[in-house]
Amino acid sequence: MNRYLSTGLIIGVLSLLSYAGISQPGLYTEDAIQDQDKFLKAKNLVLMGKLDQAEEIYLSLSKSNKRNDVVMYELSRLYHNKEDGENASRYIKKAIQINPSNQWYHRLQGSYLEKEELYDQALKSYSKLIELDPQNLSFLSKHAQLATKALDDQTAIASYNRIEAITGISEKISKKKFKIQSRMGETDAAVNELNRLVTAFPQTVRYRNNMASYLLEIGKEKEALASYAEVLRIDPEDPIALIAISAKNASDQPDSNRSLSSAISQIISNPAINIDKKIAELLPMVTDLENMGDVQQQEVMGLIDQLSEIHPDDAKSHAIYGDALLAVGDEPKAIAEYQKAISITKNVFPIWEQLLYAQESQKLYEDLQQTAEEALDYYPNQPLCYYFMGTATARIIQPQLSKEELFLRGIKEGDHNKAAKAAYEESVSYLEEALLMTGNNESLQYRILRSLAFISHDYKRSEKAETYALQALEKQGNIKDPELENLIQSIDQLNKN
């Protein structure tokens, strides 16, 4: 039972005890005990999904004592579960009128109003919560978020200021305030906010770089260059400042893009600069590779190739090279780079994952089986390892070969049937093991069940194929999968025949 339910239950029982008539000190009336039993029964009915029966009991309790705020609260939650927004709203208002100091009631009302996108009204609920608990950071943060959604920027900033008064200056809050101020066009206030971070953390060059970047954006070039110069005074090899200054110097050149690439190239070629800083500069380019023209793509690929040459023994250089090659559609070369990365380090599962997906895409099932088997040695609790092992095991063998094909390959039909049966059973074993390890990951469950359906169909296990396909549909969500739908139709047609 989650905290929300248990809190309501405890409050409810105590409240029921409090309003019941007491005939003697320490003794409860029979009516009071009956009301407690009814309340607990209603709670259990809600948990079992029997909302109509629970509603009947709660309404009976609300009529016997119209001042019981807990029953009103539980009725509100019940109606919310029944998607009856009008009654949910009505009863939470009643609960608040009876007991305006209960924080849970205001939180529930605020959540209703937010879901209905009534941000101004939801803001009032959290204003009341802040009155009840002025130092509660969660309430203040939510108040600021709702104010932003309500386009009440000044109120949002005021709430963030109250948070800072409690916690001190932080990057998270300053960034939120800066975003609001820059959107409002209050450039001086936005610069001041960035400067507060610089002042509070003078040795953190990231804050100086952020301020310089914004100063360039609003046309204050002189101040921006001064900020970048200060960064280089602290860290002479900071790539962001070096690139920014190089880009500024290159902007007056006829071929500014090539000059910028040259500046980045100089940074990459400097072995004293940490590879992580170089990758941080290259990642946005890799992310945008698909949207670039051929010339730009070639320049970026040249820079990444240069990175792998400067840092040949660092897995990161080969991993980002693999990502870039995937982005431009060169899976075979990407596979080679991921393999280089894994030969250097076995400790980064996302590299294994990229390699496994690429090998599956290229239908390199023998390589896929070998990679998945090796990955299992290092990551025995990763369901994807079992998924790829199962997929490869099934796909290495062609389950349906004609007699002519068997003859040409020199394979006896009986031997082939035994091998296919063993491969199918082993594949299913791996895939079902993967399924057991997925937890709440429905997208992975969908992928595994889908694979089981198609493998079962290819191995002529129609009943199994139908079962897995229907289970996959339950996990499909918003994914459109015509192939799976066609498979189900094909099995239905087969069953009719």
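One is the number of the first residue; the rest follow in order along the sequence. Note: hydrogens, waters and symmetry copies are ignored here, and every other heavy atom, side chains too, is used.
A side-chain donor-acceptor contact under 3.5 Å links S308 to the backbone of D305. At least one donor-acceptor pair closer than 3.5 Å links the side chain of N44 to the backbone N or O of L40. Of the possible polar contacts, one joining the T199 side chain to the N195 backbone as a donor-acceptor pair under 3.5 Å is found. Checked by atom type and distance alone, the side chain of H106 never pairs as donor or acceptor with a backbone atom of K128 at under 3.5 Å. The backbone N or O of E223 lies less than 3.5 Å from no partner atom in the side chain of S227, so there is not a single donor-acceptor pair. Here the side chain of S89 pairs no donor or acceptor atom with the backbone of G85 at under 3.5 angstrom. With hydrogens and angles disregarded, a donor-acceptor distance shorter than 3.5 Å links the side chain of Y386 to the backbone of P380. At distances below 3.5 Å, not a single donor-acceptor pair connects side-chain atoms of S213 with backbone N or O atoms of N209.
With hydrogens and angles left out, the side-chain atoms of N68 and N65 include no donor and acceptor closer than 3.5 Å. Between S101 and N99, the side chains place a donor N or O and an acceptor N or O closer than 3.5 Å (distance only, hydrogens not considered).
Within the 4.5 Å cutoff, side-chain heavy atoms of R208 are placed close to those of I234. Taking the side chain as every heavy atom from C-beta outward, I304 and V300 approach each other to under 4.5 Å. Residues I180 and E186 fail the side-chain proximity criterion, which asks for heavy atoms closer than 4.5 Å. Residues L108 and S111 meet the side-chain proximity criterion, which asks for heavy atoms closer than 4.5 Å. A heavy-atom distance below 4.5 Å is not found between the side chains of S182 and T187. By the 4.5 Å heavy-atom criterion applied to side chains, D153 and R183 are counted as neighbours. Side-chain contact check for L242 versus L232: some heavy-atom pair is nearer than 4.5 Å.
S170 is linked by a side-chain contact (heavy atoms from CB on, under 4.5 Å) to K172, I173, counting only residues two or more places apart in sequence or in another chain. Not a single side-chain hydrogen bond (donor to acceptor under 3.5 Å, both in side chains) links S62 to another residue, sequence neighbours left out. With sequence neighbours excluded, the residues satisfying side-chain contact (heavy atoms from CB on, under 4.5 Å) with E483 are R450, F454, D481. Under the rule for a side-chain hydrogen bond (donor to acceptor under 3.5 Å, both in side chains), the partners of R196 that lie at least two apart in sequence or sit in another chain are E164, E193. With sequence neighbours left out, the side-chain hydrogen bond (donor to acceptor under 3.5 Å, both in side chains) criterion links K149 to E114. A search for side-chain contact (heavy atoms from CB on, under 4.5 Å) contacts involving H311 returns I275, K278, L307, D314, S317, not counting sequence neighbours. When the side-chain contact (heavy atoms from CB on, under 4.5 Å) test is applied to E116, the partners found at least two apart in sequence or on another chain are L118. For E171, the side-chain hydrogen bond (donor to acceptor under 3.5 Å, both in side chains) partners are R206, Y207, not counting sequence neighbours.
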Can you list the steps and then say if N210 with K175 is a side chain to side chain donor-acceptor pair (under 3.5 Å)?
CA-CA 10 Å; N210 289 345; K175 282 174 72 174; over 6 Å; no
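Comment: D69 does not engage K94 in a salt bridge, judged by the lack of any side-chain N to carboxylate O separation of less than 4.0 angstrom.
In this structure, NE2 on H318 lies 7.0 Å from CG on D313, to the nearest 0.5 angstrom. The CD atom of Q296 sits 10.0 Å away from atom CG of D294, with the distance rounded to the nearest 0.5 Å.
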Donor-acceptor list for residues 350-358 side chains, cut-off 3.5 Å, not counting sequence neighbours:
from, atom 1, to, atom 2, distance (Å)
W352, NE1, K346, O, 3.2
Q354, NE2, D323, OD1, 3.2
Q354, NE2, Y338, OH, 3.3

Donor-acceptor contacts under 3.5 Å from residues 46-59 side chains, at least two apart:
from, atom 1, to, atom 2, distance (Å)
D52, OD1, K82, NZ, 2.7
E55, OE1, K82, NZ, 2.6
E55, OE2, Y79, OH, 2.7

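Considering E360, Q382, E433 as possible partners of Y387, the one that fulfils the side-chain hydrogen bond (donor to acceptor under 3.5 Å, both in side chains) test is E360. The ring pair (Phe, Tyr, Trp, His ring centres under 6.0 Å) with H80 is formed by just one residue from the set Y73, Y112, Y91; it is Y112.
Pairs of residues two or more places apart, or lying in two chains, that qualify as ring pair (Phe, Tyr, Trp, His ring centres under 6.0 Å) and include a residue from residues 125-181 are F178-Y214. Applying the salt bridge (Lys or Arg N to Asp or Glu O under 4.0 Å) test to residues at least two apart or on different chains, none of the pairs has a partner in residues 281-293.
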